[in-house]
Trainee: 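Structure provided below as structure tokens; questions to follow.
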Amino acid sequence: MRKQLRLSGSGGQGVITAAIILAEAAVAEGKNAVQSQSYGPEARGGASKSEVIIDDEKIFHPHVKAPDFVLAMTQKAADKYFSDLNSDGVLILDDDLVPNTPNFKNIIRVPITKLAVEKLGRALFANIVALGVIAKVTKLVDFNAIKKAVSHRVPPSTIDQNMLALQIGFDSVN
């Protein structure tokens with residue numbers, strides 16, 4: 001059941017944190033998961049990606065070769081990180097921040113950052129909205145396991161807002 005995911009955006013958008021949470025939720029369910037990350041030299045604004053492999057079997061090679069799912073939170077991330085997406089994979093785009101849709105057959109567009117700003121007042125929650133979208137689209141990890149992982153990773157004072165962000169993302173996909 002090996003599935004490979006790549007979450008990408010720009011530094012400061014929280015894609016690395018979202019990937020860590022996803023991997024932790026998978027492990028909490030008894031699955032095997034590895035997570036890796038890379039980003040440009042800039043602390044904020046540079047290219048950023050994080051990859052997760054989830055499998056029922058042992059994972060001997062922790063690098064994503066052909067992701068099954070790619071999340072792109074910016075145009076630059078979409079252009080740079082979708083090219084090796086599995087031909088049957090799914091490309092998830094932040095609708096407002098990726099205006100030029102790459103040429104790919106399975107695309108889901110969700111206004112991730114816009115939902116975070118409109119519903120929660122801050123773009124800061126966009127990564128957790130995206131995680132909700134990923135949970136719904138991939139069905140790899142139980143939503144309650146992701147909720148629990150989020151609650152362990154975010155500051156205690158923001159748990160309620162993050163739970164709402166997760167639900168907003170989950171509900172935004174049919």
Side-chain angles (χ1 to χ4, degrees), residues 1-10 12-37 39 48-59 62 64 67-74 77 81 85-86 89-95 97 106-174:
M1 166 295 315
R2 177 170 295 218
K3 294 295 178 185
Q4 302 178 79
L5 299 94
R6 177 176 297 141
L7 286 65
S8 61
S10 66
Q13 284 186 304
V15 295
I16 292 171
T17 300
I20 290 169
I21 292 168
L22 180 62
E24 288 178 348
V27 169
E29 283 192 330
K31 296 178 174 120
N32 294 305
V34 294
Q35 182 271 330
S36 62
Q37 59 206 32
Y39 40 87
S48 172
K49 75 171 177 171
S50 187
E51 297 177 331
V52 179
I53 300 172
I54 298 173
D55 202 337
D56 292 328
E57 304 294 323
K58 288 183 179 180
I59 301 168
V64 169
D68 300 290
F69 301 94
V70 171
L71 165 73
M73 299 278 292
T74 65
Y81 295 123
L85 180 59
N86 178 327
V90 177
L91 179 59
I92 303 167
L93 303 174
D94 188 324
D95 196 40
L97 300 181
N106 300 321
I107 295 178
I108 296 174
R109 296 185 69 85
V110 177
I112 295 167
T113 303
K114 183 178 181 179
L115 286 170
V117 171
E118 287 180 355
K119 306 277 185 180
L120 297 154
R122 297 182 68 194
L124 172 75
F125 297 103
N127 65 327
I128 305 300
V129 173
L131 189 57
V133 172
I134 291 166
K136 180 81 166 267
V137 171
T138 68
K139 299 175 179 69
L140 292 174
V141 181
D142 182 73
F143 192 59
N144 287 323
I146 294 177
K147 282 181 168 181
K148 189 172 184 180
V150 167
S151 72
H152 290 148
R153 259 293 155 185
V154 301
S157 63
T158 67
I159 289 175
D160 289 344
Q161 289 173 300
N162 278 287
M163 290 299 122
L164 181 56
L166 193 61
Q167 192 68 54
I168 288 167
F170 192 84
D171 293 342
S172 69
V173 181
N174 294 330

Trainee: Rounded at 0.5 Å granularity, tell me how far NZ in Lys31 sits from CZ in Arg2.
Mentor: 14.5 Å

Trainee: Rounded at 0.5 Å granularity, tell me how far OG in Ser151 sits from CE in Met163.
Mentor: 5.0 Å

Trainee: I'd like to know if the side chain of Thr138 reaches the main chain of Ile134, judged simply by a donor and an acceptor atom lying under 3.5 Å from each other, with no hydrogens or angles considered.
Mentor: yes

Trainee: Does any part of the side chain of Val133, heavy atoms only, come nearer than 4.5 Å to the side chain of Phe170, both counted from C-beta?
Mentor: no

Trainee: Checking the side chain of Glu29 only, and the main-chain atoms of Asp142 only, is there a donor and an acceptor separated by less than 3.5 Å?
Mentor: yes

Trainee: Can you tell me if Asp160 has over 12 outside heavy atoms packed within less than 6.0 Å of its CG?
Mentor: no

Trainee: As a quick check of understanding, evaluate side chain to side chain donor-acceptor pair (under 3.5 Å) for Gln35 and Ser50, giving each step before the final call.
Mentor: CA-CA 7 Å; Gln35 182 271 330; Ser50 187; 2.6 Å; yes

Trainee: Would you find a donor on one side and an acceptor on the other, under 3.5 Å apart, between the side chain of Asn32 and the backbone of Glu57?
Mentor: yes

Trainee: Can you tell me how far CG of Asn162 sits from OG of Ser157, rounded to the nearest 0.5 angstrom?
Mentor: 9.5 Å

Trainee: Is Val110 close to Val173 at the side-chain level, that is, under 4.5 Å between some pair of heavy atoms?
Mentor: yes

Trainee: Determine yes or no for a side-chain-to-main-chain donor-acceptor pair under 3.5 angstrom, with Arg6 supplying the side chain and Tyr81 the backbone.
Mentor: yes

Trainee: Would a 4.5 Å heavy-atom cut-off, applied to side chains only, mark Val64 and Leu5 as touching?
Mentor: no

Trainee: Atom CG of Leu91 and atom CG of Leu93: how far apart are they, to the nearest 0.5 Å?
Mentor: 4.0 Å

Trainee: Going from CD1 on Ile112 to CG on Leu71, what distance comes out if it is rounded to the nearest 0.5 angstrom?
Mentor: 5.0 Å

Trainee: Dump the intermediate steps for side chain to side chain donor-acceptor pair (under 3.5 Å) on Asn127 and Thr17, then the final yes or no.
Mentor: CA-CA 8 Å; Asn127 65 327; Thr17 300; 4.8 Å; no

Trainee: Check whether any side-chain heavy atom of Lys3 lies under 4.5 Å from a side-chain heavy atom of Ile53, and answer yes or no.
Mentor: no

Trainee: Any non-hydrogen side-chain atom of Lys136 less than 4.5 Å from a side-chain atom of Phe143?
Mentor: no

Trainee: How about Lys148: does its NZ atom have over 12 heavy atoms from other parts shown lying under 6.0 Å from it?
Mentor: no

Trainee: Checking side chain to side chain contact (heavy atoms under 4.5 Å, CB included) between Thr113 and each of Leu97, Val129, Asp95, which is the one that passes?
Mentor: Leu97

Trainee: Is the backbone of Leu115 close enough, under 3.5 Å, to the side chain of Glu118 for a donor and an acceptor to pair up by distance?
Mentor: no

Trainee: Kindly say whether Gly9 contributes a backbone atom to a donor-acceptor pair with the side chain of Ser48 at under 3.5 angstrom?
Mentor: no

Trainee: What I want to check is whether the side chains of Asp68 and Asn86 have a donor and an acceptor closer together than 3.5 Å.
Mentor: yes

Trainee: Given 3.5 Å as the limit, does a donor-acceptor pair link the side chain of Thr74 with the main chain of Ala77, or not?
Mentor: yes

Trainee: Answer whether the closest heavy-atom distance between the side chains of Glu24 and Arg153 falls below 4.5 Å.
Mentor: yes

